[in-house]
Amino acid sequence: MAEPGATSSIEDQIRLREQKAQQLREKGAHPYGNGVVVPHTTGFVRTRHSSDDAAALEAEHTEPYGIAGRIVAVRSMGKATFLSLRDRDGDLQVFVKKDKVGEQAYEILKLADLGDIAFARGRAMRTRTGELSIEATEFRLLTKALRPLPEKWHGLTDHETRYRQRYVDLAANLEVREIFRKRSKLIAGIRRFLDERDYIEVETPVLHKPEEAGGAAARPFETHHNALDLDLKLRIALELHLKRLIVGGLERVYEIGRIFRNEGIDRRHNPEFTMIEFYQAYATYEDLMALTEQLVERLAVEVTGANVAPFQGVLIDYAAPWPRVSMVGEVLKAYQAGELDGLDKLTDDQWLSKTDDNEHRHKFTKANSTGDKIAWAFEALVEPMLPREKPCFVVDFPLEVSPLARKRDKEPRLVDRFEAYAGGMEVANAFSELNDPRDQEARFRAQVEAAARGDQEAMPYDRDYIRALEHGMPPTAGEGIGIDRLAMLFTDSSSIRDVVLFPLLKPEEDVK
RNA sequence: GAGCCGCUAGCUCAGCUGGUAGAGCACCGGCCUUUUAAGCCGAGGGUCGUGGGUUCGAUCCCCACGCGGCUCACCA
């Protein structure tokens with residue numbers, strides 16, 4: 001191999017590694033073997049011997065440990081070689097001496113490259129510099145990698161490559177694994193929390209018939225079922241099916257599920273993302289505020305280790321209770337109106353008088369009701385002022401922007417709803433559910449009218465959902481929490497792409 | 001969808017007022033039995049994102065396109 005004049009373009013490097021794989025075969029070492037038994041992890045060895053010094057390990061002459069992983073560093077001194085093996089727990093150094101592993105194994109080691117998967121067995125020892133290592137009596141190459149690993153010092157930093165080739169990102173950058181381990185803990189923590197409270201986890205359809213694709217203000221993805229010749233949409237929310245289950249008497253249900261919204265992509269938005277929605281019969285939105293505070297504070301502790309965690313330069317204190325901000329109240333204050341009637345009387349010029357921002361002023365044209373205008377004013381004037389160092393609840397939402405929420409008895413222009421904000425993002429949305437079928441019909445009709453006016457995010461009229469409500473849904477409160485957003489908060493990630501393993505990107509021109 | 005920025009070796013990056021490209025790591029050959037960004041010696045490796053234009057000459061200037069990042073808009 002390696003005839004003089006060999007080049008090292010990527011094609012040449014791959015060819016060379018293929019040749020090495022062939023040489024391994026000739027030496028009886030299958031470059032893609034199978035069935036190896038790996039009794040230990042690097043973490044196991046590290047934990048067990050973290051406090052043993054060189055002399056202690058020498059005296060103990062530990063049992064032989066067998067570990068496997070990717071070769072992420074090689075330092076060869078001729079007849080002895082140090083390598084670092086990386087498994088799911090981290091890295092551990094292996095010290096391979098020719099006279100300890102034997103001629104044959106050492107020949108195989110010489111055919112190993114950075115990136116290959118290898119197995120080593122041997123006792124634990126410490127080197128002269130004190131690094132815990134496996135002194136190999138056995139070395140096997142398990143999988144030949146044909147492509148080189150990124151550079152060891154800087155790792156892989158190019159965002160595009162990191163997202164497109166997440167396998168390389170994960171293999172090269174240890175901190176990336178930590179993010180996804182935290183995400184996993186987060187989801188497990190939510191399950192545990194709700195399971196403790198007698199909820200059951202359910203799964204509802206992802207493929208929605210056109211009239212079912214509601215539950216949120218968003219444009220859906222469209223698809224088609226061939227055998228039924230049926231147009232379908234991917235769900236934009238879990239809400240309406242979960243509430244059907246409340247009608248059926250399950251009383252406490254949740255679903256952690258992927259939902260799809262056919263909208264723009266940016267730091268906070270991926271077209272597919274994960275929400276948890278949960279619904280609890282005989283609860284109110286007040287109950288859910290208390291539940292949310294408890295849940296999120298506990299998750300912060302479980303995932304980050306404390307109920308105070310940094311996010312983008314701000315320390316966020318998740319400890320309950322969280323401050324509450326009244327949407328209507330803040331807007332009343334901003335316009336010095338004493339009560340809702342005062343806002344009804346405002347002219348468009350008066351509404352617009354508080355902001356010079358052209359974007360916000362433009363958005364105002366889409367507001368068709370006082371409720372829309374209140375939500376608009378809140379977003380324009382109050383949202384930027386929400387507390388940064390604590391999550392908060394926004395309460396007192398107008399009816400018009402809440403088509404599935406129950407009217408407030410004392411003020412039917414408002415609904416019993418809250419949104420939780422943290423780190424400048426909306427992370428939860430919850431309300432006491434509308435269970436009056438006739439009121440829900442009227443709300444759906446308003447949505448259909450909005451759609452007729454050109455609102456592409458309006459919900460369809462879901463007749464079966466009305467039929468379900470006609471059977472009687474107990475008084476219920478429900479909530480949705482964006483898992484990706486929580487994952488961003490708890491991993492201090494500025495982009496949703498950093499907490500989604502395979503974020504959607506435009507296709508590559510050529511895969512090379 | 002808009003604005004700004006980026007795209008040079010497998011990776012991380014240099015590249016001057018325009019003169020056809022460099023480093024470190026990786027790779028290849030040689031030496032090396034306690035290294036750890038191992039070391040020492042030597043050798044290769046590039047359609048400079050793509051396509052046009054200007055120019056005697058373009059990685060560099062201009063235009064278009066592609067992909068990505070950031071900001072904004074829509075939203076969770």
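A, B, ... follow the sequence lines: proteins, then strands. Residue 1 opens every chain.
- Side-chain contact, Q93(A) with T127(A): no donor N or O sits under 3.5 Å from an acceptor N or O.
- The salt bridge (Lys or Arg N to Asp or Glu O under 4.0 Å) check on R267(A) picks up nothing, with sequence neighbours excluded.
- For E222(A), the salt bridge (Lys or Arg N to Asp or Glu O under 4.0 Å) partners at least two apart in sequence or on another chain are K233(A).
- Screening residues 105-125 of chain A for side chain to side chain donor-acceptor pair (under 3.5 Å) gives K20(A)-D113(A), E58(A)-R123(A), T81(A)-Y106(A), D113(A)-K144(A), D116(A)-K144(A), R121(A)-E138(A), R123(A)-E135(A) as the qualifying pairs, with residues at least two apart or on separate chains.
- Contact of R75(A) with U35(B) (side chain to base): a donor-acceptor pair of N or O atoms is detected under 3.5 Å.
- Set against U12(B), C67(B), U34(B), the side chain of T157(A) has U12(B) as its closest nucleotide.
- Checked against side-chain contact (heavy atoms from CB on, under 4.5 Å), Q280(A) has the following partners two or more places apart in sequence or in another chain: Y199(A), R252(A), A283(A).
- Taking the 5.5 Å centre cut-off and the 30° plane limit, the aromatic side chain of F273(A) is classed as stacked on A76(B).
- Take E449(A) and apply the side-chain contact (heavy atoms from CB on, under 4.5 Å) test, not counting sequence neighbours, and it matches R453(A).
- No engagement by G482(A) is indicated, since no non-hydrogen atom pair under 4.0 Å with the nucleic acid exists.
- For E151(A), there are no salt bridge (Lys or Arg N to Asp or Glu O under 4.0 Å) partners at least two apart in sequence or on another chain.
- By the side-chain hydrogen bond (donor to acceptor under 3.5 Å, both in side chains) test, E426(A) pairs with no residue at all, sequence neighbours left out.
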Between protein and nucleotides 69-71 of chain B, what N or O pairs are separated by less than 3.5 Å?
from   : atom 1 : to      : atom 2 : distance (Å)
G69(B) : OP1    : R497(A) : NE     : 3.2
G69(B) : OP1    : R497(A) : NH1    : 3.4
C70(B) : OP2    : R497(A) : NH1    : 3.4
U71(B) : OP1    : R267(A) : NH1    : 2.5
U71(B) : OP2    : R267(A) : NH1    : 2.7

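- Within residues 95-104 of chain A, the residues that have a heavy atom under 4.0 Å from RNA chain B are, in order of number, F95(A), K97(A), D99(A).
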